[in-house]
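Fair warning: this is a prediction, and the values are worked out from it, not measured in the lab. Below, all heavy atoms of this structure are taken into account, side chains as well, without hydrogens, waters or symmetry copies. Here is the naming used below: chain letters follow the sequence lines, and residue numbers restart at 1 for every chain.
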Amino acid sequence: MKLSKCFFKTLREVPNEAEIPSHILLLRAGMIKKTAAGIYSYMPMGWRTVRKIEEIVREEMDAKGAQEITTSVLQPSELWEESGRWGAYGPEMWRLTDRSGRPFCLGPTAEEVFTEIVRNDVSSYRQLPLMLYQITDKFRDEARPRFGMMRSRNFIMKDNYSFDKDAEGMHESYMKMYDAYSRVFTRCGLNFRPVEADNGAIGGTGSHEFTALCEFGESEIAYCDNCDLAATVEKAECSDAPRETSDMLALEKVNTPGTKTIDEVAEWLGIDRTRTIKALLFITYDEEGKEKEYVAAFIRGDRELNMTKLVNALGLREFDIAFADEAKMGSVTGCVGGFTGPIGLHNCKIVVDSELTGLRNLVAGANEEDYHIKNVNYGRDYEGDIVIDIKTLREGDACPKCGSPVKHAKGVEVGQIFKLGRKYSEAMHAYYKDENQQDRVMEMGCYGIGISRTFQAIIDMPENHDENGIIWPMSVAPYHVIITEVKPGDEAQDRVSERIYEELKAASVEVVWDDRDERAGVKFKDADLIGIPIRITVGKLAGEGVVEYKLRRETEKSELTV
RNA sequence: CGGGGCGUGGCUCAGUUUGGUAGAGCGCUUGCUUCGGGAGUAAGAGGCCGCAGGUUCAAAUCCUGUCGCCCCGACCA
C-alpha cells in the first residue's frame with residue numbers, strides 16, 4: 001500500500017471526546033471515527049487490525065473443532081419468547097418492528113438463534129458434541145456508552161455455542177474454550193487473567209471472565225498472591241469474621257441524636273464500625289416494572305454490599321431492584337433514614353449477611369429517629385428470610401481460600417465463557433436421541449470475545465503505547481513494515497524504496513510505503529502514531545544503498561545495506 | 001435515570017460575565033523558500049456560532065424549550 005493512496009488522516013490534537021490512551025490514540029491515528037454515542041466506524045488502518053484479531057480468533061476456534069457460520073443481526077421475538085428472555089432482557093435490547101408490526105430485535109447475543117438452528121438439524125447423539133461460532137456485530141443499548149469501543153452500543157463480538165450430550169462433555173468443551181481464549185489473548189499481546197465470574201443474567205452454572213489488566217478498565221478483580229484465587233469482585237466469596245461466643249447482653253435503647261451514618265453512630269457511641277449493623281433498603285420490581293416488595297439488607301457496619309450477590313440471592317434481574325428513597329423507607333420503617341434496624345421490621349423481605357449470625361451484641365438502628373439499640377443478636381432479636389453472603393471482598397480482606405490479604409486490580413473484560421447447562425436447551429426443546437432411543441436435553445456452553453474491545457484494550461496495555469502513539473504487537477499490526485521515504489522524487493530514494501517495497505511484498509510481508517510529499521518530521525510522527533512495528537527509512541544514503549532500520553518498540557536505529 | 005460540563009469552519013479553542021461588523025492556531029488550496037522528528041512566508045477557500053421560540057433597534061452573547069456530546073454515579077452476559 002502506498003500511503004499517498006490510503007484513506008488516512010491523523011490528528012495532531014487530542015479530540016475532545018476521548019479520555020483514555022487507547023481511545024485518544026485510535027482517534028488521533030485515524031483508525032476509528034465516531035458516528036454517534038457508542039457507535040463507531042473503522043477506517044482502513046483500524047479495520048486491518050480488527051481483521052487480524054478476527055483471524056487469530058478463527059484459527060484458535062477452528063483448532064478446537066468449532067465451525068464458523070453467520071446469523072442475521074435481525075432476530076424475531078418468537079425465539080426470545082421461547083427462552084423467556086424477550087421480557088427478561090430489559091432496556092438494553094434494541095427492539096424494532098417490521099412493516100406488519102411484527103417485533104424483532106437487533107441481536108445482543110445469539111443463544112436462541114443457535115439453539116434453534118441446532119435443535120432442527122441435530123437429532124442424534126452421533127452428531128454431538130458440536131461447536132458453532134460467528135463473528136458479527138452485536139447491539140446493546142448501553143445505559144452509558146463510554147471510552148470509545150470499550151463500552152459501545154454496537155460492537156463486534158465472536159460468540160460461540162457448544163452442544164454436548166452431558167455435563168462432562170460440556171465441561172470438556174468449556175475447557176477447550178478456556179484454553180483457546182488464553183491462546184487468543186496471548187497472541188494479541190494482552191496482559192490478562194482468567195478469573196471466576198458471576199453468570200449474571202445469562203444464567204448457568206459456571207463462568208470465567210478474561211480480564212486484560214489495565215488501570216482504565218471497568219472490571220475489578222480480586223486475586224491472591226498466595227493461592228490461586230482470582231475472581232471478579234462481584235463473584236469473589238468472602239470469609240465471615242470468626243463466630244463469637246460471648247454472652248448475649250440485654251437489649252438497650254440509646255439516644256443517638258443525628259447519627260445517620262455508621263461513622264457517626266460509631267463515633268457517638270465510641271465503638272468500632274465492626275460492632276454495628278448497616279441497613280440498606282431496596283424496592284424491587286416485577287416483570288412489568290411495577291413495584292413488587294421492599295427488601296432490607298443487613299451487613300456489618302464496615303462492610304460494603306455486593307449488589308450482584310444480593311440480586312442472585314433474591315432471584316432477580318439487576319434492573320429489578322433500586323435503592324428505596326426516603327419516602328419509601330419511611331413507609332417501611334416508620335422512621336427517617338439512618339435509624340433502620342432489623343428488630344421489629346416487617347412489611348419487607350429481610351436479607352441478612354451470613355457473617356452477622358455469628359456476631360454478638362452489635363448496635364443497630366431502632367427504627368425510631370435519633371435512637372439505636374445496643375446488644376442486638378441474631379436469632380434472639382431478629383431473623384432473616386434469607387441468610388447468605390452479600391458483602392464485597394475488599395482489598396486487604398482475608399482471602400476466602402487461604403487467609404492471606406487479597407489484592408484488587410482493574411481490567412477490561414475482553415472475553416467471558418459460560419457453562420449454560422440446560423437453561424436454553426430445555427426451554428427451547430433442544431433434544432437428541434441417545435444410544436437407547438431416549439430423548440435427552442443437550443448441555444450447552446456459550447463463549448464470547450469482544451473483538452472491538454480487544455482491539456482497543458491492546459493499546460491500553462502500557463507496553464503497547466507511549467507518548468508518541470501506538471506500538472502494535474506484530475501479530476495484530478495493520479502493516480508489518482513502513483517504508484519512510486524521506487524525499488519522494490529523489491531518484492535514488494525512489495528506486496531503493498520501490499525495490500524494498502516490491503521485494504517485501506513478494507516475500508508476503510505486509511508493507512506500507514510512505515511516499516507522501518510531506519516533510520520527514522511529519523512522516524516520522526505519523527509512523528510512530530499509527531504504531532507500525534518496523535520502520536525502514538530511505539533517506540540521504542539511499543544512493544549508496546544504505547537505509548535505516550528501526551523497531552517502533554526500541555529506540556536504537558541501525559543501518560542496513562540493500 | 002440522577003449530578004456536573006460542553007456544543008463557534010475538518011481538529012483544538014478564544015469571544016458569552018458587560019448584546020453592537022465572527023476570531024486564532026492546526027488542517028486544506030496556490031506560489032516562493034525550506035526539507036531526517038509535526039517548517040517559514042504570501043495569498044486564498046471554508047462557519048445562518050447545535051436547533052426552535054422569545055426579549056431587543058440589534059443576540060454567538062440575555063430568557064425558555066429542545067436535541068446532541070463528554071465525565072461522575074446508577075446500570076452493564
Side-chain angles (χ1 to χ4, degrees), chain A residues 9-20 23-24 27-28 30 33-39 85 88-93 107-111 138 140-148 150-153 155 157 159 161 197-204 207-210 218-220 232 234-235 282 289 307-308 311 317-323 325 413-420 423-424 445-450 453 467-469 484-490 493 514 516-529 535 537-542 547-548 550 555 557:
Chain A
K9 179 164 176 70
T10 54
L11 299 176
R12 293 192 182 194
E13 292 179 274
V14 177
N16 207 345
E17 68 188 80
E19 296 266 323
I20 64 174
H23 191 197
I24 290 170
L27 288 166
R28 282 197 56 215
K33 304 269 187 207
K34 186 176 72 182
T35 298
I39 300 176
R85 288 209 290 179
Y89 206 92
E92 260 187 37
M93 182 183 266
T109 174
E111 282 77 17
K138 301 295 186 295
R140 294 178 195 178
D141 191 5
E142 292 284 348
R144 187 180 158 207
R146 57 181 143 178
F147 301 144
M150 287 298 192
R151 180 163 298 284
S152 54
R153 299 194 290 172
F155 55 96
M157 186 170 95
D159 47 323
Y161 306 87
D198 185 69
N199 276 65
I202 202 163
S207 176
H208 281 84
E209 180 179 304
F210 288 75
E218 294 186 88
S219 294
E220 191 157 0
T232 63
E234 294 78 41
K235 175 72 175 178
F282 298 91
M307 204 60 175
T308 301
V311 163
R317 303 168 295 175
E318 296 270 356
F319 49 86
D320 284 339
I321 186 164
F323 277 101
D325 58 33
E413 179 199 335
V414 286
Q416 193 166 4
I417 58 178
F418 299 89
K419 290 181 179 177
L420 294 178
K423 174 170 172 170
Y424 298 88
C446 77
Y447 319 89
I449 291 179
R453 187 182 279 181
E467 66 280 6
N468 293 317
T484 299
E485 184 182 2
V486 172
K487 195 171 187 177
D490 177 273
Q493 291 189 26
D514 190 350
R516 294 176 301 168
D517 185 21
E518 289 285 354
R519 295 166 60 83
V522 172
K523 296 187 177 198
F524 291 138
K525 288 288 185 190
D526 277 346
D528 286 349
L529 182 56
R535 188 179 82 202
T537 305
V538 179
K540 286 190 284 259
L541 300 176
V547 300
E548 181 184 281
K550 181 181 177 301
T555 49
K557 304 166 181 171

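For the pair A/Lys540 and A/Asp490, the salt-bridge criterion is not met [side-chain N within less than 4.0 Å of a carboxylate O]. The residues A/Asp141 and A/Arg153 are annotated as salt-bridged, a charged nitrogen and a carboxylate oxygen being separated by less than 4.0 angstrom. The pair A/Arg535-A/Glu548 meets the salt-bridge criterion, since a charged nitrogen lies less than 4.0 angstrom from a carboxylate oxygen. Between A/Glu13 and A/Arg28, no side-chain nitrogen of the basic residue sits less than 4.0 Å from a carboxylate oxygen of the acidic one, so the salt-bridge criterion is not met. A salt bridge links A/Arg85 with A/Glu111: at least one charged nitrogen is closer than 4.0 Å to a carboxylate oxygen.
Regarding A/Arg28, its CZ atom lies at a distance of 11 Å from the C1' atom of B/rC11, rounded to whole Å. A/Asp141 has its CG atom 19 Å from the P atom of B/rA74, to the nearest Å. Between the CD atom of A/Glu92 and the C1' atom of B/rA74 there is a distance of 13 Å, given to the nearest Å. Protein atom NE2 of A/His23 is 13 Å distant from nucleotide atom P of B/rC69, rounded to whole Å. Rounded to an integer number of Å, the gap from CD of A/Glu218 to C1' of B/rC75 is 11 Å. For the pair A/Arg516 CZ and B/rG36 C1', the computed distance is 15 Å after rounding to whole Å. Rounded to whole Å, atom P of B/rG7 lies 14 Å from atom NZ of A/Lys34. One can place CZ of A/Arg144 at 13 Å from P of B/rC69, the figure rounded to the nearest angstrom.
Under the Watson-Crick or G-U wobble criterion, with both distances below 3.5 Å, B/rG20 is paired with B/rC57. Taking a pair to require two hydrogen-bonding distances under 3.5 Å in either a Watson-Crick or a G-U wobble arrangement, B/rA42 pairs with B/rU30. Searching all strands for a Watson-Crick or G-U wobble partner of B/rC48 with both distances below 3.5 Å returns nothing. Checking B/rG68 for Watson-Crick or G-U wobble geometry (two distances, each under 3.5 Å) identifies B/rC6 as its partner. As the counterpart of B/rC11, B/rG25 is assigned, both hydrogen-bonding distances of the Watson-Crick or G-U wobble pattern falling under 3.5 Å.
B/rG7 and B/rA52 are spaced 16 Å apart, taking the C1' atom of each and rounding to whole Å. The gap from the C1' atom of B/rA60 to that of B/rC49 amounts to 4 Å, rounded to the nearest Å. Annotation: B/rG50 and B/rC11 have their P atoms spaced 14 Å apart (nearest Å). Separation of the C1' atoms belonging to B/rG20 and B/rG15 is 14 Å when rounded to the nearest angstrom. A distance of about 48 Å separates the C1' atoms of B/rG54 and B/rG38, rounded to the whole Å. Of the P atoms belonging to B/rG25 and B/rG4, the separation is 37 Å, rounded to the nearest Å. Look at the P atom in both B/rG46 and B/rA24: the space between them is 14 Å, to the nearest Å. Annotation: B/rC32 and B/rC51 have their P atoms spaced 41 Å apart (nearest Å).
Residue A/Arg153 is out of contact with every strand shown, counting any heavy-atom pair closer than 4.0 Å. Across all strands, A/Ala143 comes closer than 4.0 Å to base atoms (heavy-atom distances). Within the 4.0 angstrom heavy-atom criterion, only backbone atoms of the sugar-phosphate kind lie near A/Phe147; the bases stay farther away. Within the nucleic acid shown, A/Pro91 has no heavy atom closer than 4.0 Å to any nucleic acid atom. Contact annotation for A/Glu413: backbone-only contact, meaning every heavy-atom pair under 4.0 Å involves sugar-phosphate atoms and none involves a base. Within the nucleic acid shown, A/Glu548 comes within 4.0 Å of at least one base atom, counting heavy atoms only. A/Gly448 comes within 4.0 angstrom of nothing in the nucleic acid, heavy atoms only. Here A/Lys540 lies in heavy-atom contact (under 4.0 Å) with a base.
Each of A/Val538 and A/Glu234 was matched to the nucleotide of RNA chain B holding its nearest heavy atom; the match closer to the 5' end belongs to A/Val538. Each of A/Asp528 and A/Arg140 has a nearest nucleotide on RNA chain B; the 5'-most of these lies closest to A/Asp528.
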A/Asp159 and A/Cys446: side chain to side chain contact (heavy atoms under 4.5 Å, CB included), yes or no, with the steps? CA-CA 7 Å; A/Asp159 47 323; A/Cys446 77; over 6 Å; no

Tell me, with the steps shown, if A/Ser219 and A/Glu209 meet side chain to side chain donor-acceptor pair (under 3.5 Å). CA-CA 10 Å; A/Ser219 294; A/Glu209 180 179 304; 3.2 Å; yes

Step by step, would you call A/Thr232 with A/Glu220 a side chain to side chain donor-acceptor pair (under 3.5 Å)? CA-CA 6 Å; A/Thr232 63; A/Glu220 191 157 0; over 6 Å; no

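Shown here for A/Tyr447 and A/Phe418, the closest heavy-atom pair between the two residues is CE2-O, 4.1 Å. Nearest approach of A/Leu27 to A/Leu11, heavy atoms of both residues: O-CD1, 3.8 Å.
Distances shown here put a side-chain N or O of A/Arg519 below 4.0 Å from the OP1 or OP2 atom of B/rA39. For A/Asn16 and B/rC13, the shortest distance from a side-chain N or O to OP1 or OP2 is below 4.0 Å. The phosphate of B/rC72 has OP1 or OP2 within less than 4.0 Å of a side-chain N or O from A/Arg146.
Relative to the side chain of A/Pro15, the nucleotides B/rU12, B/rG36, B/rC71 differ in distance, and B/rU12 lies closest. With B/rG38, B/rG36, B/rG37 as the candidates, the nucleotide lying closest to the side chain of A/Arg535 is B/rG37. For A/Ala520, counting side-chain heavy atoms from C-beta on, the closest listed nucleotide (B/rG36, B/rA74, B/rC70) is B/rG36. For A/Val522, the side-chain atoms get nearest to B/rA39 when compared with the rest of B/rC75, B/rG36, B/rA39.
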Which letters describe nucleotides 25-33 of chain B, given B = protein heavy atom under 4.0 Å from base, S = only from sugar-phosphate, - = neither? BSS------

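Using modelled atom types and a 3.5 Å distance limit, the side chains of A/Asp198 and A/Thr308 yield no donor-acceptor pair.
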